[in-house]
2 protein chains.
Amino acid sequence: MVEIYNMAGHLVRRLNQISVAIFADRMAAEGVELTPVQFAALSAIDARPGIAQAALAGAIAYDQTTLGGVIDRLEQKGFVAREVSPTDRRARVLTVTRSGQDLLARVRPVVRDLQGDILSGLDEDEKAQLLALLKKTTDAGNGKSRAPLAPRDKR
Amino acid sequence: MVEIYNMAGHLVRRLNQISVAIFADRMAAEGVELTPVQFAALSAIDARPGIAQAALAGAIAYDQTTLGGVIDRLEQKGFVAREVSPTDRRARVLTVTRSGQDLLARVRPVVRDLQGDILSGLDEDEKAQLLALLKKTTDAGNGKSRAPLAPRDKR
DNA sequence: TGCTAATAATCAGCATGCTTATTATATCGA
DNA sequence: TCGATATAATAAGCATGCTGATTATTAGCA
C-alpha cells in the first residue's frame, strides 16, 4: 500500500467520476440530454430567477468562464433565456424558459432518486454520515478554488 | 433548501474541485508543473514498471483515451518512457525515467502532506471516517464508469 | 467631474474525461 | 490455418474546469 489508493484526492476523484457516470446513465434512460452541471445550473436559476451569471457562478461554485459555456448550451437547447441586465449593462440576467421548467419537473425526481445510488455499498446511516462530512468539509474549504491559498505572486 | 446543496453529486463535485485546487497551489508553490492526474499516473507506473497503458488505465480508473493524453504530456516532459511491448505489438509499455523518479521523490511528501488539507474543517477522527466511507463506496461502485448500468441500447 | 480601479462577460488555450470510430494486432474456434 | 472476434492505442469531437488577456461598463475617489 505504498500508493495513491488511500489518498483523499484520488478517492474523491473516483467518486465524482462514478457520480457523473450514474447521472449520465439515468438521463440517457430518461431520453434526456442533460449533464449534472447543466442540471445544477438550471435548478439554481429556477430558484433565483433573474440572477446574473457572476452571481450564479458564485452560488453553485462554478468558474465564471465555465459557466458561460454551460449557459451557452442551455440557451441553445432553449431551457434558459439570457438578457442584458436592465440595471447593469455588463451583466447578463438569466431565467428558465417554459421548456426548461417542464424539463426540471420531469427530471428533478430522477435526480433526487439517483443520489442514493452514487453512494452504493453504504447503508442509510453511513450515507447520512458521509453526506454530513462532505457538507462540513466543503463548507470549510469554501474559497479554495478561485481564492488561492497563496497570493497571486506574478507582479 | 429546495436545492442541490445537499445532494451527493454536488458535494462530491465541490470537494473534487477543492482537492484539485489545493494540489495545483502546492505544486505551484513547489515550482513544479504537475497535475493530480499526472501525479497519480506517474506514481502508479513507478509501482509497476513496464505496465501497459490499458492495464494502467484500469489500475487507476482512468479512461483509456484520457490516459493516452496524460502519458503524452508526461512523456513530453521527460518523466515517462513509452515503448512498444515486446510481447504484444499493440501495447505500449511504460516506465518512469530517472528524471521522473527524482520528481516523484521530491513531490511525494508534498502530496502526502496536502491530503489532510483537502478535508479541512474536520478533526482527525472525522477525516478517518470520511476516508473510510469514501473507500467503501468507491470500492462498491467500481465498474460504474465504463460499465453502464443499462446496456448500450443504440442499435 | 474626471480618472483610476474594480467588475461582468468573453476569448484563447490547455488539461481532464467521456463517446464513437479507426487501425493494428492477437486470439480463438471451426 | 483461416476467419470472426476481441483488444490496444489513437483520433475526432464535445463538455467541464481553470488561467490569463481583453472589452465594456460601473464604481470610487481625488
Side-chain angles (χ1 to χ4, degrees), chain A residues 13-14 16-25 27-28 33-41 51-58 60-77 82-85 87-94 144-148 152 154-155, chain B residues 9 13-14 16-25 27-28 33-41 51-58 60-77 82-94 144-148 152 154-155:
Chain A
R13 190 194 66 86
R14 283 285 291 125
N16 186 52
Q17 191 181 28
I18 290 167
S19 163
V20 170
I22 290 177
F23 193 100
D25 281 341
M27 289 304 121
E33 293 253 327
L34 199 71
T35 67
V37 162
Q38 287 167 14
F39 170 79
I51 194 175
Q53 278 187 207
L56 178 61
I60 54 182
Y62 286 19
D63 181 84
Q64 210 185 104
T65 304
T66 300
L67 182 61
V70 173
I71 299 298
D72 279 348
R73 289 177 282 275
L74 285 173
E75 193 184 21
Q76 203 175 356
K77 292 189 234 186
R82 171 158 47 178
E83 294 172 1
V84 173
S85 162
T87 59
D88 184 342
R89 273 183 297 171
R90 292 169 303 181
R92 302 289 177 273
V93 150
L94 306 170
K144 284 294 164 45
S145 47
R146 261 296 191 175
R152 283 260 153 285
K154 309 294 184 57
R155 180 169 326 102
Chain B
R13 190 194 67 86
R14 282 286 290 124
N16 186 53
Q17 189 181 30
I18 290 168
S19 164
V20 170
I22 290 177
F23 194 101
D25 281 342
M27 289 305 121
E33 293 254 328
L34 199 69
T35 68
V37 163
Q38 287 167 14
F39 169 79
I51 194 174
Q53 278 187 207
L56 178 61
I60 53 182
Y62 286 17
D63 181 84
Q64 210 186 106
T65 304
T66 300
L67 182 62
V70 173
I71 300 298
D72 280 348
R73 288 177 282 276
L74 285 174
E75 193 184 21
Q76 202 176 358
K77 291 190 235 186
R82 172 159 45 178
E83 294 171 0
V84 172
S85 161
T87 59
D88 184 342
R89 273 184 297 170
R90 292 169 304 179
R92 301 290 176 273
V93 151
L94 306 171
K144 285 293 165 46
S145 47
R146 262 296 189 174
R152 283 263 152 282
K154 309 295 184 55
R155 179 172 327 104

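Numbered from 1 within each chain, the chains take letters A, B, ... in sequence-line order.
Closest to the B:Q38 side chain, of the nucleotides D:dG17, C:dC11, C:dA15, is C:dA15. Looking at the side chain of A:D63, the nearest of the listed nucleotides D:dT19, D:dA9, C:dC18 is D:dT19. For B:A91, the side-chain atoms get nearest to D:dA9 when compared with the rest of C:dA12, D:dA9, C:dA15. Residue A:R92 places its side chain closer to C:dA9 than to any other of C:dA9, C:dT16, D:dG17.
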Close N/O contacts between protein and nucleotides 23-27 of chain C (under 3.5 Å):
from   : atom 1 : to    : atom 2 : distance (Å)
C:dT25 : O2     : B:R90 : NH1    : 3.3
C:dA26 : OP1    : B:R89 : N      : 2.8
C:dA26 : O4'    : B:R90 : NH1    : 3.4
C:dA26 : O4'    : B:R90 : NH2    : 3.2

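Among residues two or more places apart in sequence or in another chain, the side-chain contact (heavy atoms from CB on, under 4.5 Å) test is passed with A:V20 by A:N16, A:P36. B:R82 meets the side-chain contact (heavy atoms from CB on, under 4.5 Å) test with B:Q53, B:I71, B:D72, B:E75, B:R92, B:L94; sequence neighbours excluded. Under the side-chain contact (heavy atoms from CB on, under 4.5 Å) criterion, B:A57 pairs with B:Q64, B:L67, not counting sequence neighbours. The side chain to side chain donor-acceptor pair (under 3.5 Å) check on A:E83 picks up nothing, with sequence neighbours excluded. Listed by chain and number, the residues in a side-chain contact (heavy atoms from CB on, under 4.5 Å) with B:S85 are B:T87, B:D88, B:A91, B:V93 (sequence neighbours excluded).
Using a 4.0 Å heavy-atom cutoff across all strands shown, A:V70 reaches sugar-phosphate atoms only and no base atom. In this structure, B:T66 reaches the bases: a heavy-atom distance under 4.0 Å links it to at least one base atom across the strands shown.
If you check the side chains of B:Q76 and B:R73, you find no donor sitting under 3.5 Å from an acceptor.
Applying the 4.0 Å criterion to OP1 and OP2 of D:dT16, one finds that B:Q17 has every side-chain N and O outside that range. For B:R82, a side-chain nitrogen or oxygen approaches OP1 or OP2 of D:dT10 to under 4.0 Å. The side chain of A:Q64 places no N or O atom within less than 4.0 Å of a non-bridging phosphate oxygen (OP1 or OP2) of C:dT7. Regarding contacts with the backbone of D:dT10, a side-chain N or O of B:Q53 is found under 4.0 angstrom from either OP1 or OP2.
In this entry the distance linking CG of A:L67 with C1' of D:dA15 reads 13 Å, nearest Å.
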